Undergrad: 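Below are the structure tokens for one structure; questions will follow.
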Amino acid sequence: MPFSTLEDFHFSAGPWNIHTGADPFGPEVRDDRDFAAKLKMLKDLGFDYVQFHDDDVVPDSASQAELEQIAGDMRKLLDSEGMTAEFVAPRIWEDPRTIDGAITSNDPAERAYGIRRGKRSVDIANILGCDRIVLWPAREGTYIREAKDAVAASQQLCDFANALLEYDPKIRLLGEMKPNEPMDLMYLPTTGHFLALVYKTVDPDRVGVLIESAHAILAGLDPADEMAYALWHGKLWGVHLNDQNGLKFDQDKAFGTANLRRAFNQVDVLVRNGYGQNGEIIGLDVKAMRTQKFDRAHMHLKNSKDVFLALADLALSIDRSEWQALRDARDYEGLDAFIMKQLMGRA
Ligand code: XUL
Ligand code: MN
């Protein structure tokens, strides 16, 4: 696979990435914007794709007929702005029926609700014209290990994937794994766990992963190596680039702002492995600081995209023969200095 070019990269973000600044300890600090305003903002910033949760498009209370109508209207709005849906993710963590999980709840009626919600996301995706469903299994875990049977839970996660794959023969499912939040003990806490589950599903060819930088970092893993492993499986179908300052809450910092070198290594592995050439999108999952004023509370998106493009430019122009010569000589101190100079613009 040849290297990606800058033209291979298309960017996406979700409406939740332009937000009001509420956090678990305090209320909103900025006004909200309606979806159409967010869409225009994204377009102006050079984004061509939008990420959706199911209820960003259609409220869960809508009937099937209403779903078709509302999702159809959203499709028209996207078309009129020249935007495309990247994926739909069932928001299976806010409903009272999913307090104990939507997939691994001990109550079969709640598990049935989770599957119904997943199928509705497939219906919405079809109307929006995208074939990707992203699964972030937020409440699939426990606060105390004795609360659920972890072997049964593994099968329930596989059953959920199978239900969606069987519901629609074209849909693809992307697992987005996160180790630390909101549950204490999360099932399938890393990409590697989900990749092992992929091969137990009824159609492994239609199951892959979306890797979020911060989620890998929170698991104590290097996001570039996580991406490399998924690329080797041919299963890196989405990314959520962002950054994370140590083992804290999921910060969703702008890409590259906590650790530029770690960001470069993510971009480099994507560039070297032709990411984007089969329709994969550069997705961002970033949030403006709570302390940012309203009028420029979208600049974290632009900043992240600019950092990505600058690092992609570096990955495409860096002297790879010098890099290789340093590897061949096992001069890793020299390689360390070489990379640092590149990142500092002092090469
Ligand atoms: C949670 C997270 C989600 C998913 C989509 O940490 O990243 O927003 O990206 O459900
Ligand atoms: Mn994410």
Side-chain angles (χ1 to χ4, degrees), residues 11-24 38 42 47 49-58 60 85-95 98 101-103 114 117-118 120-122 124-125 128 130 132-141 157 160-161 164 172-184 186-191 193-194 208-219 221 223 226-227 230 236-245 247-255 258 263 266 280-288 300-301 304 308:
F11 294 85
S12 72
W16 65 91
N17 294 132
I18 302 171
H19 75 123
T20 56
D23 73 13
K38 290 181 181 180
L42 289 175
F47 288 71
Y49 286 81
V50 189
Q51 311 162 16
F52 287 103
H53 288 113
D54 54 355
D55 56 7
D56 292 325
V57 187
V58 183
D60 186 46
E86 181 193 7
F87 65 70
V88 178
R91 198 193 304 269
I92 48 174
W93 53 90
E94 286 184 3
D95 191 273
T98 64
I103 300 174
R117 191 94 189 230
R120 272 170 74 90
S121 293
V122 173
I124 295 167
L128 297 185
C130 71
R132 282 172 257 214
I133 299 294
V134 167
L135 172 65
W136 171 47
R139 300 204 182 273
E140 312 317 324
L157 284 150
F160 180 87
L164 270 50
R172 291 191 288 162
L173 184 65
L174 287 64
E176 180 186 349
M177 299 302 122
K178 174 174 168 181
N180 69 316
E181 172 186 82
M183 306 308 291
D184 182 355
M186 303 286 292
Y187 293 132
L188 310 183
T190 68
T191 296
H193 288 88
F194 190 79
V209 295
L210 179 151
I211 294 182
E212 174 163 325
S213 321
H215 296 179
I217 296 162
L218 285 163
L221 299 169
E226 290 291 277
M227 289 173 190
L236 187 64
W237 299 344
V239 290
H240 265 176
L241 300 184
N242 58 15
D243 214 347
Q244 175 73 30
N245 185 21
L247 300 183
K248 299 170 188 167
F249 61 96
D250 185 5
Q251 297 178 312
D252 295 337
K253 281 175 162 310
F255 184 52
Q266 292 169 69
E280 305 90 351
I281 309 299
I282 300 297
L284 301 175
D285 196 357
V286 289
K287 293 210 175 76
H300 60 303
L301 289 160
S304 297
F308 179 90

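Only a predicted model underlies this, so the values are computations on that prediction, with no experimental measurement involved. In each ligand, atom 1 is the first atom listed, and ligand 1 is the first ligand listed.
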Undergrad: Relative to ligand 1, is Val134 under 4.0 angstrom through side chain, backbone, both or neither, heavy atoms considered?
TA: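 Neither; nothing of Val134 gets under 4.0 Å from ligand 1.
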
Undergrad: Looking only at heavy atoms, which two atoms of Ile92 and Arg117 are closest? And how far apart?
TA: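 Closest approach of Ile92 to Arg117: CG2-CG, 3.8 Å.
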
Undergrad: Quick check on the Mn ion (ligand 2): does Asp252 put an N/O/S atom closer than 2.8 Å to it?
TA: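 No N, O or S atom of Asp252 is closer than 2.8 Å to the Mn ion (ligand 2), so no.
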
Undergrad: What are the atoms of ligand 1, with element, lying closer than 4.0 Å to any heavy atom of Glu212?
TA: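 Here the atoms of ligand 1 in question are 7 (O).
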
Undergrad: Heavy-atom contacts with Trp93 under 4.0 Å: which atoms of ligand 1 show up? List them by number with element.
TA: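 Once the distances to Trp93 are compared, the set is 10 (O).
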
Undergrad: Determine the minimum heavy-atom distance between Pro15 and Gln51, stating which atoms define it.
TA: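 Scanning both residues, the minimum pair turns out to be CD-O, 3.0 Å.
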
Undergrad: Tell me which N, O or S atom from Glu212 is the closest to the Mn ion (ligand 2).
TA: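 Sorting the N, O and S atoms of Glu212 by distance to the Mn ion (ligand 2) puts OE1 first.
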
Undergrad: What is the name of the N/O/S atom of Glu176 that is nearest to the Mn ion (ligand 2)?
TA: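 Within Glu176, restricted to N, O or S, the Mn ion (ligand 2) is closest to atom OE2.
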
Undergrad: Does Arg91 pair with Asp60 as a salt bridge, N-O distance under 4.0 Å?
TA: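 Asp60 and Arg91: not salt-bridged.
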
Undergrad: Hey, would you say the Trp136 and His53 ring centroids sit under 6.0 Å apart?
TA: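 That pair fails the under 6.0 Å test.
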
Undergrad: Side chain, backbone, both or neither: which part of His215 comes within less than 4.0 Å of ligand 1 when only heavy atoms are counted?
TA: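 Just the side chain.
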
Undergrad: Please determine if Asp285 has a nitrogen or oxygen closer than 3.5 Å to a nitrogen or oxygen of ligand 1.
TA: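 Yes; the residue has a nitrogen or oxygen that sits under 3.5 Å from a nitrogen or oxygen of the ligand.
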
Undergrad: Salt bridge check: are Lys178 and Asp250 linked by an N-O gap of less than 4.0 Å?
TA: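 Judged by the 4.0 Å cut-off on N to carboxylate O distance, Lys178 and Asp250 do form a salt bridge.
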
Undergrad: Which residue supplies the protein heavy atom nearest to atom 3 (C) of ligand 1, what is that atom called, and how far is it?
TA: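 The protein heavy atom lying closest is Trp136 CE3, 3.8 Å.
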
Undergrad: So which atom in Ala125 and which in Ile133 form the shortest heavy-atom distance, rounded to 0.1 Å?
TA: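 Heavy atoms only, the tightest pair is CB-CD1, 3.9 Å.
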
Undergrad: Distance under 4.0 Å to a non-hydrogen atom of Glu176: what atoms of ligand 1 satisfy this?
TA: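 That gives atoms 2 (C), 4 (C), 5 (C), 7 (O), 9 (O) of ligand 1.
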
Undergrad: For Val57 versus Leu128, what's the shortest heavy-atom pair and its separation?
TA: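 Minimum heavy-atom contact is CG2-CD1, 4.0 Å.
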
Undergrad: His53 heavy atoms, cut-off 4.0 Å: which ligand 1 atoms fall inside?
TA: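 The atoms of ligand 1 under 4.0 Å from a heavy atom of His53 are 5 (C), 10 (O).
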
Undergrad: Going by the order shown, which atoms of ligand 1 are within less than 4.0 Å of some heavy atom of Lys178?
TA: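 Those qualifying, in numeric order: 1 (C), 6 (O).
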
Undergrad: Using every non-hydrogen atom in the two residues, find where Asp243 and Ala254 come nearest and quote the distance to one decimal.
TA: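 Heavy-atom minimum between the residues: CB-O, 3.5 Å.
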
Undergrad: At less than 4.0 angstrom from any non-hydrogen atom of Asp250, what atoms of ligand 1 do you find?
TA: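 In order of numbering, the contacting atoms are 6 (O).
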
Undergrad: Report the relative orientation of the aromatic rings in Phe11 and Phe308; use parallel for angles under 30°, tilted for 30 to 60°, perpendicular for over 60°.
TA: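 Phe11 and Phe308: perpendicular rings.
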
Undergrad: For N/O/S atoms only: which one belongs to Asp285 and is nearest the Mn ion (ligand 2)?
TA: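 Going through the N, O and S atoms of Asp285 one by one, OD2 ends up nearest to the Mn ion (ligand 2).
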
Undergrad: Should the pair Arg132 and Trp237 be classed as cation-pi, given the thresholds of under 6.0 Å to the six-membered ring centre and 45° from the axis?
TA: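 Verdict for Trp237: no cation-pi partner in Arg132.
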
Undergrad: What atoms in ligand 1 come closer than 4.0 Å to a heavy atom of His240?
TA: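 That gives atoms 9 (O) of ligand 1.
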
Undergrad: Output yes if His240 passes the N/O/S-under-2.8 Å test against the Mn ion (ligand 2); output no otherwise.
TA: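 Yes, since at least one N, O or S atom of His240 sits under 2.8 Å from the Mn ion (ligand 2).
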
